[in-house]
Amino acid sequence: MTVRDETSPPEAVGDPAGTGAAGAAGAGRWAPHVWWIALAAGVAGAAFVWLALPHGRDIESPWELVAKLVVFGCLCCAIALFPWAPRLPHWVLYAPFVFFTGYVVPRISGFYYTDAQRAHGDSFYTHVYLLLYPGIVLTAGAAYRIGGGSPGRTLKVLVTGIVIVFSGFLDLMWYVVNPVGIPDRIDAPHINVITGGPISFGATVLFALAHVPILVGVNLLPLDRWIGYRTGAAPAPAARGTEP
């Protein structure tokens with residue numbers, strides 16, 4: 001086993017022509033700005049989604065779902081690539097608790113106690129699936145990142161959280177954990193966008209199982225190696241060998 005001289009430019013390893021160094025240097029110029037650009041886009045996008053798009057369970061256009069996923073992706077990148085995350089004090093994570101207990105949970109609870117006629121069902125759905133669950137996923141990712149998690153693994157935590165909720169697992173378990181019968185067909189808007197309409201309970205099981213390889217594949221991706229290369233912090237993937 002050989003020891004590499006840490007004082008030499010990492011691009012020199014496996015890149016005698018210096019092309020990796022040029023690529024890393026070019027990437028390094030814009031890399032420090034990605035997190036705040038993603039954060040600004042995510043915040044602006046979240047405001048647009050909340051103020052401009054319909055609040056409801058139904059997805060009137062596939063572009064509504066795409067817009068929401070893009071906004072979530074921007075926020076994920078901002079959290080994962082935030083450069084000083086491990087230096088942040090632990091009390092930064094108190095902010096989500098204030099948000100949840102100061103608005104989201106009381107609002108959702110209010111729908112249950114004050115809306116017996118279910119006149120605001122769409123607003124209830126919006127608060128649960130547009131604020132509560134994504135907020136939990138983002139909080140978990142931020143906690144992992146602040147605790148010292150790498151950018152790549154933070155992205156894996158965040159992506160896994162959102163893939164699970166879109167996989168159909170939640171739609172299946174709603175009928176399992178609640179005292180209701182198993183329906184012949186499941187009408188889930190995010191599934192209907194792909195299938196063209198409601199599908200049978202068995203087909204929904206298969207739909208959910210089809211996401212397992214996706215989750216495995218995402219979690220096997222060498223994201224930290226790719227991020228390191230694109231930000232100029234590591235040599236090209238071909239020069240690094242297998243991902244540790």
Side-chain angles (χ1 to χ4, degrees), residues 38 41-42 44-77 79-80 104 107-108 111-112 115 117-141 152 154-221 223:
F48 172 79
V49 167
W50 188 257
L51 298 174
L53 294 186
H55 287 194
R57 180 176 183 272
D58 294 333
I59 300 175
E60 299 179 4
S61 168
W63 291 109
E64 292 181 16
L65 183 59
V66 172
K68 294 172 183 178
L69 289 175
V70 169
V71 169
F72 183 81
C74 288
L75 295 176
C76 289
C77 289
I79 291 173
V104 178
R107 191 74 178 100
I108 293 173
F111 289 124
Y112 175 80
D115 187 23
Q117 303 301 320
R118 299 294 184 265
H120 303 287
D122 283 342
S123 187
F124 168 80
Y125 186 90
T126 299
H127 280 76
V128 172
Y129 296 108
L130 198 63
L131 290 182
L132 180 61
Y133 185 79
I136 292 173
V137 174
L138 293 173
T139 300
T154 300
L155 283 175
K156 291 177 182 180
V157 170
L158 294 165
V159 172
T160 296
I162 209 65
V163 169
I164 288 176
V165 78
F166 277 102
S167 69
F169 178 68
L170 183 151
D171 305 276
L172 292 169
M173 294 307 298
W174 194 92
Y175 293 98
V176 174
V177 302
N178 289 306
V180 296
I182 301 297
D184 293 331
R185 303 176 75 79
I186 289 183
D187 181 13
H190 62 278
I191 297 178
N192 295 347
V193 169
I194 298 174
T195 61
I199 57 178
S200 67
F201 189 88
T204 307
V205 172
L206 295 178
F207 184 88
L209 291 176
H211 287 74
V212 173
I214 297 176
L215 291 172
V216 173
V218 167
N219 282 277
L220 289 178
L221 290 175
L223 294 183

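The analysis underlying the following values was restricted to heavy atoms, covering all of them including side chains, and did not include hydrogens, waters or symmetry mates. Bear in mind the structure is a predicted one, so any value in this text is a computation, not a measurement.
With contacts defined as side-chain heavy-atom distances shorter than 4.5 Å, the pair Trp174/Val180 qualifies. Phe166 has its side chain within reach of Leu69: a pair of non-hydrogen atoms, C-beta onward, lies under 4.5 Å apart. Counting heavy atoms from C-beta outward, Lys68 and Leu53 have side chains that approach closer than 4.5 Å. Leu138 has its side chain within reach of Ile79: a pair of non-hydrogen atoms, C-beta onward, lies under 4.5 Å apart. The closest side-chain heavy-atom distance from Leu170 to Tyr129 is below 4.5 Å. Under the 4.5 Å side-chain criterion, counting only non-hydrogen atoms from C-beta, His190 is not in contact with Val165.
Of the residues listed (Val159, Leu155, Val163), the one engaging Val218 in a side-chain contact (heavy atoms from CB on, under 4.5 Å) is Val159, and it is the only one. Screening Thr126, Leu132, Val128 for a side-chain contact (heavy atoms from CB on, under 4.5 Å) involving Leu130 leaves a single residue, Thr126.
Considering OG1 of Thr204 and CG of Asp171, their distance stands at 7.5 Å, rounded to 0.5 Å. From Leu215, atom CG reaches atom CG of Leu220 across 11.0 Å, with rounding to the nearest 0.5 Å.
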- [ ] Please report the C-alpha distance between Val176 and Leu172 in whole Å, then the side-chain angles of each, then the deciding distance to 0.1 Å, and finally whether the side chain to side chain contact (heavy atoms under 4.5 Å, CB included) criterion is met.
- [x] CA-CA 7 Å; Val176 174; Leu172 292 169; 5.5 Å; no
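Here the side chain of Tyr125 pairs no donor or acceptor atom with the backbone of Asp58 at under 3.5 angstrom. When atom types are taken as modelled, the side chain of His55 and the backbone of Trp50 share a donor-acceptor pair closer than 3.5 angstrom.
Taking a 6.0 Å sphere around OH of Tyr175, one finds it holds more than 12 heavy atoms contributed by other residues, nucleotides or ligands.
Aromatic ring pairs are classed by plane angle as parallel below 30°, tilted from 30° to 60° and perpendicular above 60°; the pair Phe124 and Phe111 is perpendicular.
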